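One structure is given here, and the rest of the page talks about it.
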Amino acid sequence: MALPRDPFILLSVINTKLRDAYPSLDALCEDLDEDKNALTQRLTAIGFHYDEAHNQFL
């Protein structure tokens, strides 16, 4: 599955997947074969950071 290019749609997709299917960002990235640093940078660029305690980008 290709992740959306639009960062706000990406945020929605990633948070939904984290909520519904993955216990952590590491598990999501491993399963989807995504670079964790690149994904995190894309979402940090729009003002969001990954919160491990909530398992979502806030």
Side-chain angles (χ1 to χ4, degrees):
M1 172 188 167
L3 293 176
R5 292 193 180 274
D6 180 280
F8 291 98
I9 295 173
L10 175 64
L11 173 67
S12 177
V13 167
I14 294 299
N15 275 343
T16 298
K17 287 184 174 295
L18 287 169
R19 181 190 69 221
D20 294 346
Y22 295 98
S24 68
L25 182 58
D26 289 325
L28 179 145
C29 289
E30 183 178 326
D31 189 48
L32 299 180
D33 196 28
E34 288 292 325
D35 181 295
K36 179 181 174 182
N37 290 329
L39 179 62
T40 301
Q41 286 177 347
R42 288 175 65 191
L43 296 176
T44 298
I46 60 167
F48 293 86
H49 68 279
Y50 179 67
D51 183 304
E52 278 188 57
H54 291 99
N55 192 34
Q56 66 180 343
F57 282 87
L58 303 172

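The shown structure was predicted, so the numbers you read here are calculated from the model rather than taken from an experiment.
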Query - Within residues 13-22 or reaching into it, pairs that qualify as salt bridge (Lys or Arg N to Asp or Glu O under 4.0 Å) - sequence neighbours excluded - result: none

Query raised in the report: Which heavy-atom pair separates N15 from F57 by the least distance, and what is that distance?
Result: OD1-N, 2.7 Å

Report summary line: In this structure, CG of L58 is separated from CG of L43 (nearest 0.5 Å) by 11.5 Å

**Report entry** Separation between CG of L28 and CG of D33, rounded to the nearest 0.5 Å
**Finding:** 11.5 Å

Requested in this report: Please list all pairs passing the salt bridge (Lys or Arg N to Asp or Glu O under 4.0 Å) test where one or both residues lie in residues 37-58, with sequence neighbours left out.
Outcome: none

Report task. To the nearest 0.5 angstrom, please state how far the CG atom of L3 sits from the CD1 atom of I9. Result -> 12.0 Å

Query raised in the report: Of all residues at least two apart in sequence or in a different chain, which pass the side chain to side chain contact (heavy atoms under 4.5 Å, CB included) check with D26?
Result: S24, K36

Query raised in the report: Y50 pairs by side chain to side chain donor-acceptor pair (under 3.5 Å) with which of N55, T40, T44?
Result: N55

Requested in this report: Please assess L32 against Y22 for the test side-chain contact (heavy atoms from CB on, under 4.5 Å), listing each intermediate value before the final yes or no.
Outcome: CA-CA 11 Å; L32 299 180; Y22 295 98; 3.8 Å; yes

